[in-house]
Amino acid sequence: MDVSLTLWVLTIVGLCALIAADFFIGRKPHDVSVKEAGIWTVVWIVLAALFGLGLLILEGGRPAGEFFAGYITEKSLSVDNLFVFVLIMAKFAVPSKYQQRVLLVGVLIALVLRAIFIAAGAAIIASFSWVFYIFGAFLIWTAWKLIQEARADQEDEEYEENKLLKAAERRFGVADRYHGTKLWIQQNGKRVMTPMLVVMLAIGTTDVLFALDSIPAIFGLTQDPYIVFTANAFALMGLRQLYFLIGGLLRKLVHLSYGLSIILGFIGVKLVLHALHESGVHVPEISIPVSLGVICSVLVVTTITSLRASRKQAQAEAATGPADTPARTDIDV
C-alpha cells in the first residue's frame, strides 16, 4: 500500500481517540462483569472488521486479506499472553476493581513498544531480504519449543520480574501497599512507585517478549508496515476486555499451545519459501487466502478439541473426585 503521511497521522489520531474513549469509560475503578466485557469485546471486533472492510473497499482484496490474517494471528497469540497476565495479577495481588486500569495502561505501553519493534522490523526487511530466513527459522524453532512445553504438561510457573523492572524498583523504591490508582506517592520524604505502577510496567514490558514471536509472524503474512501496525493495534486494544471475558475459560484451552505452534510453524515455512523466492529460487508461495484458511481452521479445531478434552477431564474428576492441591497464597509487593 502507498500510505501517505496524512493517512498515518489520521490513523494514529483515530486510535488515540478510541483509547481515550476506552479510558474515559473505564476511568472509575470497578469490577468488570462478564456482560460488560462481552459487549466491549464485540465492539472492538466490529471496529476491526469495519477497518478491514474499509481496506477492502479502498485498496482491494489483498490488503484486506493481509489485515484479517494478521489480526486473527495476533489475536490468537495475544490469548496466550493472558495466561501470563493472570500470573502477574496474582503475583502482585492486584485488587479486582483495579485490574481493568492496570490492563489498560499496560496494553498502551505494549502498543508503543510494539510500534518501535514494527518500525525496526520494516526497516530491516526493506534493507536485507535475507532476514526472512532468520524470521522463518525463529518461528519454526518457537513452534517446536511450544510443542515441547505443551507435552511437558508443566504446572503454572510463578511470574519472575524482568531485569528492567527490578532495576526500576531498586532505583525508585516501591510502596508497601496500593494507594488507589495513584502511580507515585511520598513515603518517608521520598517519592516512590506504587504497586499499581509496577504491575502496569510488568504487563507492558512482558508483552515485548511475546512481540518477539508475533512481530516476525505477522511480517510473514504481510510486509506492509501500515497493516502490521493496525493489525497489532486492534488485537491489543481489545485484549483488556478479552481478559475478563475468557479469564475462566483459559484453563479449558488445553490445546492452545499446539494450535499456536502449528500456526507459527506454518508461517515460518511461508517465510522461508518467500525468502527462497526472493533469492531467485522457483518455489511455490503460499497465498493470503490459503494462509487465512489455515489459521482459522487451526483455531477452530484447537478450540473444539480443547473444550472436549476439558469436559472429559471434568467428568473424570467428578467420578473419581478431584486430586488434593495445595492452596496458593498471593504474594504482595
Side-chain angles (χ1 to χ4, degrees), residues 12 15-32 36-37 78 81-120 156-212 215 232-233 236-244 247 326-333:
I12 294 174
L15 291 174
C16 289
L18 291 174
I19 293 172
D22 194 16
F23 186 86
F24 179 79
I25 293 170
R27 69 190 183 281
K28 184 178 180 181
H30 65 283
D31 292 322
V32 179
E36 178 184 348
S78 68
N81 298 14
L82 297 182
F83 285 100
V84 179
F85 290 175
V86 169
L87 295 179
I88 292 175
M89 294 293 189
K91 165 72 175 181
F92 295 102
V94 182
S96 59
K97 65 180 181 179
Y98 296 141
Q99 289 184 4
Q100 52 98 18
R101 176 66 63 85
V102 167
L103 289 169
L104 177 61
V105 179
V107 167
L108 180 59
I109 294 172
L111 181 58
V112 173
L113 293 176
R114 284 203 183 199
I116 297 172
F117 269 59
I118 291 169
D156 289 339
E157 298 179 0
E158 182 182 330
Y159 169 75
E160 292 291 339
E161 298 174 28
N162 55 57
K163 293 182 179 179
L164 180 62
L165 201 58
K166 290 180 179 179
E169 291 177 359
R170 288 193 301 268
R171 170 65 178 82
F172 299 104
V174 183
D176 57 357
R177 63 182 178 85
Y178 287 88
H179 293 263
T181 57
K182 292 181 179 179
L183 305 182
W184 298 89
I185 64 165
Q186 290 289 336
Q187 183 172 286
N188 298 325
K190 179 183 177 182
R191 193 165 182 258
V192 299
M193 299 189 300
T194 66
M196 176 69 72
L197 177 56
V198 175
V199 71
M200 286 177 178
L201 294 175
I203 293 287
T205 56
T206 298
D207 184 79
V208 174
L209 300 178
F210 292 103
L212 296 178
I215 298 302
N232 267 272
L236 283 177
M237 287 164 63
L239 191 58
R240 177 171 67 94
Q241 290 81 4
L242 197 62
Y243 172 88
F244 295 104
R328 177 182 59 80
T329 58
D330 291 333
I331 301 175
D332 294 326
V333 176

Inter-residue atom distance L18.CG - M237.CE, 0.5 Å rounding: 4.5 Å

Pairwise distance CG(L113) to CG(L236) - rounded to 0.5 angstrom: 10.5 Å

Non-neighbouring partners of [X] that pass side chain to side chain contact (heavy atoms under 4.5 Å, CB included), sequence neighbours left out:
| X | value |
| --- | --- |
| I185 | A175, H179, K182, Q187, V192, T194 |
| R171 | none |
| L108 | I19 |

Pairs where residues 96-117 contributes a residue and the test ring-ring contact (aromatic ring centres under 6.0 Å, His included) is met, not counting sequence neighbours: none

Derivation of the side-chain contact (heavy atoms from CB on, under 4.5 Å) call for L239 and L103: CA-CA 8 Å; L239 191 58; L103 289 169; over 6 Å; no

Give me the atom names and distance for the closest heavy-atom approach of [X] to [Y].
| X | Y | answer |
| --- | --- | --- |
| R177 | P195 | O-CD, 3.2 Å |
| V199 | M196 | CG1-O, 3.2 Å |
| Y178 | A93 | CE1-O, 3.7 Å |
| Y243 | F85 | CE1-CB, 4.1 Å |

Heavy-atom side-chain proximity of V198 to L165 below 4.5 angstrom: yes

Summary of salt bridge (charged side-chain N to carboxylate O under 4.0 Å, His left out) pairs that have at least one residue in residues 103-116, sequence neighbours excluded: E74-R114, R114-D207

